[in-house]
Amino acid sequence: MTDTPPSIVWFRDDLRLQDHPALDAASGRGGRILCVYVLDRSGTTRAQGRASLWFLHGALGSLRQTLKKHGGDCLILEGDPAEILPALAKETKADILYCHHRYQKEANAQDDAVSQALEKVGCDMKRLHGTVLRQPESVVTKTGTPYKIFSAWWKGFEGLGAPPSPIPAPSGLSFLPLSFTHGKKTKFAPCDIDKALLPTKPDWASKMGEYWDHGEEAAHEALDDFASGPLAHYDTGRNDMAAEESSRLSPYLRHGVLSPRQIWHHCKNKGEPADRETFLSELGWRDFSWYTLFHNPELPQRNLKKQFDSLNWRKSRKDLQAWQKGKTGIPVVDAGMRQLWETGWMHNRARMIVASFLAKHLLIDWRQGEAWFWDTLIDADPASNAVNWQWVAGTGIEASPFFRIFNPLRQSDKFDPKGDYIRRWVPELARLPDDAIAAPWQADKDVLERAGIRLGRDYPEPIVSLDEGRDRAMTAYRKTKGS
DNA sequence: CGGGAATTGAC
DNA sequence: TCAATTCCC
């Protein structure tokens, strides 16, 4: 045994052992390691939504199990990291703490504060890049300014060659036992993660548990299943809402059970070039979102196009709730929203449709939608969520033009032609024939009767006429021009 | 990662 | 006539 002092590895959105630069660095140093996760109650960073916390519960449990196989464990505490971590460093005599950079302004400021507090107890904080393909500063235009357009950024990104290869989980890890925390010295009791993380109202845990497996092993299985299957026809398959052709890796990616570099390198030689390029560019969008958030910290709160600050959003609690519950009377919108509620996840095509419907047809502020997704998505990502909402609402830097309004019926025709997605998530419409299920209010009376549907009772009438909603949005958005 | 009206073009 | 293409919103 060397006399190298212990190191602390502070886990955040990187709940894995493989391709974990912070853990790898701690291992390479030689001393014993204390793994810690802090459920941040300081109020300085945005609290995760309830669905996301549910997934976190599983991810933390799996991380602990994996660490136990290596003879270690992860200490889970609740409170202010700037108090907890220095206290732990003092108690364990650790002189170095490893973690990964965070790219939200508040989170980065918190890390700065933790670093300063650690310094006072003789502990050095080392932040490594481990949660994105490339750190946000690394892709810049020739004039040194950040890119605003994805395709231009992507070109610059690819011009740098392949992203760094993932690193394997360190072997021969040596851990500091957690038992010291049960001594009198520590003032921090271990966090009861069941109590702190599992949702009670609503009790999502039992339902969502049917759809998701936890842990690195399950995540890599999902990755391999996708790479050896749906990736081969991803270009078209990803848009079929009823098919299970999308990767469904987002929850693992969000919580760092998988790293983007692992996904990239696992897929880089699979499938046809066109399908692969489409998928990798989706992974690119995730990095670009973090890049955009890094350069625009106000992204989750403020329109990046200030022109839309004057937009007169409708304030309708009733319409917002109908959207949230999947009772808008537009089947494809309701299908998406119900899939979200039950599984904590929504097909990406459906995300665009429901988001466009809220921000355009209902003319409700995209921030209301962003907040709902934040609370109900197990993959709710600080960067992607905000970027994509601003994209759909037309308020982002590189956004869909404001007059681009998804027509839910055309979307149904194109991406759920047989209505299978609607049948799966809006079962009360299941008996309607293929050509009527996307727009029951347009169906003949006897068709509805045969399917056992009385509109307004078994299934709602549309809460807004698609034509009128579209016109209303066009008018309201157009008014902001030049104002 | 559009929609939809206007227009073209193959019958 | 009607589907494909063009072009403005």
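All chains are named by letter (A, B, ...) in the order of the sequence lines, taking the proteins before the strands, and each is independently numbered beginning at 1.
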Requested in this report: Check the side chains of Y103(A) and H129(A) for a donor-acceptor pair under 3.5 angstrom, ignoring hydrogens and angles.
Outcome: yes
Report task. May I ask you to decide if the ring planes of H295(A) and Y291(A) are parallel, tilted or perpendicular, using 30° and 60° as cut-offs? Result -> perpendicular
Report task. Would you mind reading off the distance between M474(A) atom CE and dG3(B) atom C1', rounded to a whole angstrom? Result -> 9 Å
Report summary line: Residues in residues 281-295 of chain A with a heavy atom under 4.0 Å of DNA chain B, by number, are E282(A), W285(A)
Report task. Mind checking salt bridge (charged side-chain N to carboxylate O under 4.0 Å, His left out) for D24(A) and listing every partner two or more places apart, or none if nothing turns up? Result -> none
Report task. Round to a whole Å and report the spacing from CZ of R470(A) to P of dG4(B). Result -> 5 Å
Report summary line: Atom OH of Y477(A) and atom C1' of dG2(B) are separated, to the nearest Å, by 15 Å
Query raised in the report: Taking only N and O in the side chain of R349(A), is any of them less than 4.0 Å away from OP1 or OP2 of dG2(B)?
Result: yes
Query raised in the report: Does N348(A) place a side-chain N or O at less than 4.0 Å from the phosphate oxygens OP1/OP2 of dC1(B)?
Result: no
Query raised in the report: Can you say whether the rings of F279(A) and Y234(A) are parallel (under 30°), tilted (30 to 60°) or perpendicular (over 60°)?
Result: perpendicular
Query raised in the report: Tell me: CZ of R478(A) to P of dC8(C), nearest whole Å?
Result: 15 Å
Query raised in the report: Is the closest basic N to carboxylate O distance between D111(A) and R102(A) below 4.0 Å?
Result: yes
Query raised in the report: Got a sec, which residues hit salt bridge (charged side-chain N to carboxylate O under 4.0 Å, His left out) with D435(A), two or more places apart in sequence or on another chain?
Result: none
Query raised in the report: Whole-Å distance between dG2(B) P and I405(A) CD1?
Result: 12 Å
Requested in this report: Round to the nearest Å and state the distance from F403(A) atom CZ to dC9(C) atom P.
Outcome: 9 Å
Report task. Could you check whether K414(A) gets within reach of a base, just the sugar-phosphate, or nothing at all, counting any heavy atom under 4.0 Å? Result -> sugar-phosphate
Query raised in the report: Between dC1(B) atom P and N388(A) atom CG, what is the distance in whole Å?
Result: 14 Å
Query - Sub-4.5 Å side-chain heavy-atom contact between N312(A) and Y477(A) - result: no
Query raised in the report: Side chain of N407(A): nearest nucleotide among dG4(B), dC1(B), dC9(C)?
Result: dG4(B)
Query raised in the report: Under 4.0 Å between a side-chain N/O of Q411(A) and OP1 or OP2 of dG3(B), yes or no?
Result: yes
Query raised in the report: Quick one: F406(A) CZ to dC9(C) P, roughly how many Å, whole number?
Result: 21 Å
